[in-house]
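So the structure is just underneath, and the comments pick up after that.
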Amino acid sequence: MHPDHDSAWSPPADAPEQPRQVRRILRLFRPYRGRLALVGLLVGASSLVSVATPFLLKEILDVAIPEGRTGLLSLLALGMILGAVLTSVFGVLQTLISTTVGQRVMHDLRTAVYGRLQRMSLAFFTRTRTGEVQSRIANDIGGMQATVTSTATSLVSNLTSVVATIVAMVALDWRLTVVTLVLLPVFVWISRRVGNERKKITTRRQKQMAAMAATVTESLSVSGILLGRTMGRSDSLTRAFAKESEGLVDLEVRSNMAGRWRMAVITIVMAAMPAVIYWTAGLALQLGGPGVSIGTIVAFVSLQQGLFRPTVSLLSTGVQIQTSLALFQRIFEYLDLPIDITERPDPVRLDRVKGEVRFENVEFRYDAEGDPVLEGIDITVPAGGSLAVVGPTGAGKSTLGHLVPRLYDVTGGRVTLDGVDVRDLDFDTLARAVGVVSQETYLFHASVADNLRFAKPDATDEELVEAAKAAQIHDHIASLPDGYDTVVGERGHRFSGGEKQRLAIARTILRDPPVLILDEATSALDTRTEAAVQQAVDALSADRTTLTIAHRLSTVRNADQIVVLDAGRVAERGTHEELLERDGRYAALVRRDARLETTK
């Protein structure tokens, strides 16, 4: 059995989910710990300066003004102004550094998710809506922007300010400090309840946003618009979108209003605390208790206000972090996806590929519990030889072709290239060795030249022209006003189906792979163009191994070997003449094609 290539890490089952997730989030910031340390120094300096200001105010009210010491008054006032300047400068610097770090972390996350998805097998994308994938990268990571760019700094800054302020308040008057802090545990409990509530709503909201993004991606693509218009479903699609949008409206309102009244109560109580301090100090003085100077009371209230602002911010940050955990969880779900197709730690690299392809007792299943799509496939294609695979729809023809470039991995047996299991080859060797032109032609919204150079970025203009000529598409490109600079449009819809397939063939020809897989590559061409392209392909196939997967048999008559698949098994094999003489399944397919041609 082939070694397991799955390197995806999975957490221990008994690990507490939230603490583990928090630790994982903190690890995202590890590469930037030097900058974060600098932010911490700036935060500490800013907090010390802020705490010092009320003490300067106390000295002004209790000493400088009552004693008429103008010099001291000027010095203390200058100190307060300098404190404000330093606090502002430190704030700007820490915002710059923390925002830069946050944006780098978001960049790392986006790149990690995109890179992970690039390594997923074709099976993942056949069962996942494109809009869902886009939403994870755009909406979920975008939704974390405030958290990763400012929350960490806000957390450290507010926590430092709270600790420094409490120490200063105790130094001024411990009794007033006790009165101030008595309700803080209740506030923390309330904020945690609000955070949990918002986290649940956020999870539902992001799922709804992903569903809506998928609907937009599918229905507003060129193909989606064509289908909707021609089927008369434009109005129903609009209604379906409106329903999904309506659901999002409700979740957005609930997300924003969750805990608002409770947080408002906290704000009201904190705003009322100065009055409580004045009342407590005045009552203590009237009852004969120890007196508190006016400067101390004013300084204490100033510190109290300096305490409440970061405390409210700290509670709000806690709520925001709990909300963001839902977004991080969705991102980590993608980062933890098991990778079905991976490269060995010590892969085999072939500098020169001859092109012999073998299928040795190959079996393939999409699901471990499902029926085999391919079973008992034994085929050898010599280097430079040609194999045609034909059969009814659903026989497993395309799947067989997908096993060579490892779009899927076999579940039994093996596929070899020059005697080496393709699972043991490094990805670069496999990509250079195997070229695929499929029936699903995809072109980027870019120029013709850019689409062709996707196969060979350093290709010269002369090489582009040669590849286009070989694919019988150069004359058409040259006739366009912008020639090879013509933008093909979304998914290449400015070109006909046949023109797109010829561009795809030219793109693969430019890459010049030793092994060529043509998966219904000429299915969208008219008879005349198909014959011309087939001549070019036949000429190019002389020195390369060619696997042609075809439904129409006109393209496979000259193949060295023809294999007929039926229900995932090899039903017949031989040359065109041998199979006709056998008068079996292949002969029946030939007669079917002949009837179709006569009815046209």
Side-chain angles (χ1 to χ4, degrees), residues 107-108 110-122 125 130 133-134 137 341-343 347-355 401-402 404-407 417 422 425-438 440-478 480-495 499-519 521 533 536-537 540-541 543-546:
H107 162 74
D108 294 342
R110 280 194 297 265
T111 304
V113 172
Y114 185 84
R116 190 77 172 187
L117 292 173
Q118 282 287 346
R119 298 168 63 195
M120 297 302 295
S121 70
L122 192 61
F125 296 97
T130 303
V133 175
Q134 293 174 347
I137 295 176
I341 298 176
T342 59
E343 190 176 76
V348 177
R349 181 178 180 85
L350 300 178
D351 295 326
R352 183 175 178 274
V353 177
K354 295 178 181 177
H402 289 160
V404 181
R406 290 192 72 193
L407 297 179
L417 179 63
V422 293
L425 292 172
D426 74 317
F427 285 152
D428 183 60
T429 294
L430 201 55
R432 285 186 292 104
V434 184
V436 179
V437 180
S438 70
E440 295 289 338
T441 302
Y442 187 88
L443 298 175
F444 295 101
H445 186 71
S447 69
V448 171
D450 288 340
N451 272 280
L452 294 178
R453 283 198 174 95
F454 189 74
K456 187 179 180 182
D458 58 347
T460 64
D461 292 342
E462 291 74 16
E463 288 176 316
L464 298 187
V465 171
E466 288 177 10
K469 285 181 177 178
Q472 305 291 316
I473 191 65
H474 169 70
D475 291 342
H476 176 71
I477 298 173
L480 299 172
D482 295 325
Y484 281 81
D485 292 326
T486 301
V487 176
V488 302
E490 180 71 19
R491 297 183 67 88
H493 274 278
R494 289 186 181 180
F495 288 76
E499 290 162 354
K500 286 192 294 183
Q501 282 193 310
R502 280 181 281 169
L503 282 173
I505 291 171
R507 184 167 57 190
T508 304
I509 290 171
L510 190 65
R511 191 163 180 81
D512 193 27
V515 179
L516 185 62
I517 297 177
L518 303 172
D519 185 3
V533 172
V537 171
L540 290 164
S541 300
D543 297 323
R544 78 184 72 212
T545 308
T546 306

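We're numbering straight along the sequence, starting at 1. This is a predicted model, so every value here is computed, not measured.
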Item to check | Approximate separation, where rounding is to 0.5 Å, of L480 CG and T486 OG1 | outcome: 4.5 Å
Next on the checklist: As a quick check of understanding, evaluate side chain to side chain contact (heavy atoms under 4.5 Å, CB included) for D426 and V348, giving each step before the final call.
Outcome noted: CA-CA 6 Å; D426 74 317; V348 177; over 6 Å; no
Checklist outcome for this item: Between P405 and V434, the two heavy atoms sitting closest are CB-CG1, 3.9 Å
Checklist entry - Is the side chain of T545 donor-acceptor paired with the backbone N or O of G355 at a distance under 3.5 Å, no angle test? => result yes
Item to check | With sequence neighbours excluded, residues passing side chain to side chain donor-acceptor pair (under 3.5 Å) with K456 | outcome: E463
Item to check | Nearest non-hydrogen partners of A433 and P514, listed with the distance | outcome: O-CD, 3.1 Å
Next on the checklist: With side chain to side chain contact (heavy atoms under 4.5 Å, CB included) as the criterion, how do L503 and V448 come out once you've worked through the C-alpha distance, each side chain's angles and the decisive distance to 0.1 Å?
Outcome noted: CA-CA 8 Å; L503 282 173; V448 171; 3.9 Å; yes
Item to check | Main-chain N/O of A455 paired to R511 side chain as donor or acceptor, under 3.5 Å | outcome: yes
Checklist entry - Could you give the distance from CD1 (I509) to CD (E466), rounded to the nearest 0.5 Å? => result 11.0 Å
Next on the checklist: Treating R406 as the side-chain partner and T342 as the backbone partner, does any N or O pair qualify as donor plus acceptor under 3.5 Å?
Outcome noted: yes
Checklist entry - What pair of heavy atoms forms the shortest contact from T429 to L350, and how long is it? => result OG1-N, 3.3 Å
Checklist entry - Can you find a pair of side-chain heavy atoms, one from I517 and one from V437, that are under 4.5 Å apart? => result no
Next on the checklist: With rounding to the nearest 0.5 angstrom, report the CG to CG distance, L510 to L464.
Outcome noted: 6.0 Å
Item to check | Pair D351 + R432: basic N to acidic O under 4.0 Å | outcome: no
Item to check | Ionic contact status for R453 with D458, cut-off 4.0 Å | outcome: no
Item to check | Smallest separation among heavy atoms of I477 and A468, with atom names | outcome: CD1-CB, 4.3 Å
Item to check | Heavy-atom closest contact (D519 atom, H402 atom, distance) | outcome: OD2-NE2, 4.0 Å
Checklist entry - To the nearest 0.5 Å, how far apart are CZ in F427 and CD1 in I341? => result 7.5 Å
Checklist entry - Between S447 and D450, is any side-chain donor less than 3.5 angstrom from a side-chain acceptor? => result yes
Checklist entry - Are R116 and V113 close enough that some pair of their side-chain heavy atoms sits under 4.5 Å apart? => result no
Next on the checklist: Using side chain to side chain contact (heavy atoms under 4.5 Å, CB included), reason through V515 and R544 one step at a time and then give a plain yes or no.
Outcome noted: CA-CA 6 Å; V515 179; R544 78 184 72 212; over 6 Å; no
Checklist entry - So L425 and L417, side chain to side chain contact (heavy atoms under 4.5 Å, CB included) or not? Walk me through it. => result CA-CA 9 Å; L425 292 172; L417 179 63; 3.9 Å; yes
Item to check | Heavy-atom side-chain contact between K469 and V465 under 4.5 Å | outcome: yes
